Amino acid sequence: MFSKILIANRGEISCRIIRTAKQLGIRTVAVYSDADSHALHATLADEAIHIGASPAADSYLQYERIIEAAKKTGAQAIHPGYGFLSENASFRRRCDEADIVFIGPPVGAIEAMGSKSAAKTIMEKAGVPLVPGYHGDDQDEAILKAAADKMGYPVLLKAAAGGGGKGMRQVWAESEFSAALAAAKRESMKSFSDDKMLVEKYLTGPRHVEIQVFCDGHGNAVHLFERDCSIQRRHQKVIEEAPAPGMTEDLRKAMGDAAIRAAQAIDYVGAGTVEFLLDTDGSFYFMEMNTRLQVEHPVTEMISGQDLVEWQLRVASGETLPCEQSDLSIRGHAFEARIYAEDPANDFLPQTGTLNFLKEPGQDDHVRIDTGVIEGDTISVYYDPMISKLICWDENRDRALKRLQNALAAYSVGGLATNIDFLYNISHCAAFERAELDTGFIEKHSDELFRNSPGQRAEDLQSVIPMAALYVLLDQAQTSNTRRQHSKEADSPWNSAFGWRANSPAHCVLKLRWQDQEVTVAAEPLADAKTQGFRLTIDDLSMEASATLEERSLTAVINGHRLSASVGKHGDEYSLYLPDRAFSFSRLKADTGEFDSAQSADHFAAPMNGTIVAQIATAGSDVKKGDVLLIMEAMKMEHSITAPSDGKVVNFFFDAGELVDGGAQLLEFEASE
Ligand code: ADP
């Protein structure tokens, strides 16, 4: 076994590898960029070497510097993690030349799977089933189109060099083929500097089921069962689980055998994943093989009781696999939810900023959190905006799902938008509970999943909105209590939580806003102040309500109906975690309907580094609430800045075509009276 390894990665996966290395008594070397000089992975390792500027191309992809760092520190092996250099055959070759062990498969295996079309040719020979399609070298448009016409629409165009869902286009009719091909080629060229395409039959309701395989350098190979990764947005995984619901022993064996055949066909060594599409009739088709440790490997670890990083280290140091196929079995069920800094309501736009507040659910045998950040860290424009992976395990799927639901409700991130509420909604979606999974799940259930609104239902006005109002009232009361305790003038009206008026009972009007809706709630404290009771009025509804707020839990009694919810506050955003969904809202200043100043500043800040596309409004002209004022492009997506209320733009700070930094104020806005 090695005595020292270098981890050529960052973030959660780097921390994850360090953890196992420590357990095995292996010393660790981290590498870090400018942006990561205080990052968790760099501080957890025994040593850390600075390898360059923040952009990955100047640091984590600079493989000569990484090799140099390994030599300087005497690391015998390099673990590449996932992404970055993990599937880079030239880097692997450089490691060999430098006499440093690359913890991953041999060059030949990486190269064989580097192109989706070449991989298919190999798999076809090895008798692994393929999605019907064309993966030839002749890229003439007429040939590609003839293949599509022959197999019938819909078809899927895929970049041979593809990954991360890029360079992919569905084509639903012959007439759309040409335009879709041009678009897919353009995207592929941009992302991979290569526009070779393959054409596949587009399956309309498949599941993504993948098999974890492991091979050593002595001819042994096993699989560690399957993972279902059907919950995807834009062809990227969001929630994964193991085992795959509804899997029979026969199908598991057939898929496991096919995966091992795939690995053996390319003389594989180490951890790998063979991805399949599982059709509704039980047929399965090879999609691709990922020649690295996957992001979602923890669910396999939870159900198999094995540490896959330990296996990688053992195999790379020349040992045989720790066990045989017959020694492996499945215990219980595990989910992994990927917590991202992104805005689901805005087409999952990545968010950058500071993690002002971070409270994770407690970890135990059932809940595991793999993360690379702590409170106060920055999610920068340079890297993937993943905050952590939340992994939950229990004896069966239902119980594991409950764990996931509870853990999501207890996860609080402040400072930037996250997908936590969206994940919470998935975990509570009835179809998900029934394990009705397919890769179109999110699209199919979008009404339910993107729902962050109590809607128009009467029961919402009678329960959800009053609870939201009570949460704000109690939160304010607590803030003002704290203020009062620190103040000399304890009875000063300026320390009161509620709108204070001389000689009249204190009352206040709250304006709550979510997405593009708002509601006004009038609250008047009831005579017996000890009970924190209020008369709430919403439209023409009036109710008596009281509540207690303890830590993250709100209990309310509304017209004699007791309800409870977990709650969270992230900056100006409040969240209620109700039994069936999350509801996030913010409070507007009651008198003007404007946002609080902090929020209005945020509203006009560039969400990330990008380019101004166009000024839509004219400075000085009146605009209506919701009108688009300006469009910017960031991370290849357009993002609209809208008016939070009626008013006018006083001044734009940037012209079309100008580059802006994330966080920069884009314009000055004046709300009308
Ligand atoms: P990438 O390497 O870009 O991630 P994959 O080939 O792994 O691309 O496919 C990603 C996802 O796209 C799959 O998980 C699946 O949801 C969808 N997909 C891929 N091929 C097909 C197909 N032939 N029919 C239907 N969906 C597909």
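Note that the coordinates shown come from a computational prediction; the quantities given were computed from them, not determined experimentally. In listed order, ligands and their atoms are each counted from 1. Side chains are part of it too, since the values below use all heavy atoms of this structure and drop only hydrogens, waters and symmetry mates. Nothing fancy with the numbering, it's 1 onward along the sequence.
Annotation: atom 17 (C) of ligand 1 to nearest protein heavy atom, His235 ND1, 3.6 Å. Protein heavy atom at the shortest distance from atom 2 (O) of ligand 1 is Lys116 NZ, 2.5 Å.
The part of Leu277 lying near ligand 1 is the side chain, judged by heavy-atom distances below 4.0 Å. Neither the backbone nor the side chain of Gln236 comes within contact range of ligand 1; no heavy atom lies under 4.0 Å.
By the 4.0 Å heavy-atom criterion, Lys237 is excluded from the residues contacting ligand 1. Using a non-hydrogen distance threshold of 4.0 Å, Lys158 registers as a contact of ligand 1.
One option in Lys166, Arg207, Lys201, His208 has a heavy atom closer to atom 14 (O) of ligand 1 than any other, and that option is His208.
In this structure, Arg65 is not positioned above the aromatic face of Tyr32 in the sense of NZ or CZ being under 6.0 Å from the six-membered ring centre and within 45° of the axis.
Where the criterion is an N or O separation shorter than 3.5 Å, residue side chain and backbone included, Met287 fails it with respect to ligand 1. No N or O atom of Tyr202 sits closer than 3.5 Å to an N or O atom of ligand 1.
Residues forming a ring-ring contact (aromatic ring centres under 6.0 Å, His included) with Tyr134 (at least two apart in sequence, or on another chain): none. Remark: Gln264 engages no residue in a side chain to side chain donor-acceptor pair (under 3.5 Å) (not counting sequence neighbours).
Defined by atom type and a distance below 3.5 Å, a donor-acceptor pair is present between the side-chain atoms of Gln294 and Asn290.
Heavy-atom neighbours of Glu64 CD from other residues, nucleotides or ligands within 6.0 Å: above the threshold of 12.
Using a cutoff of 4.0 Å between basic side-chain nitrogens and carboxylate oxygens, Lys145 and Glu174 are scored as salt-bridged.
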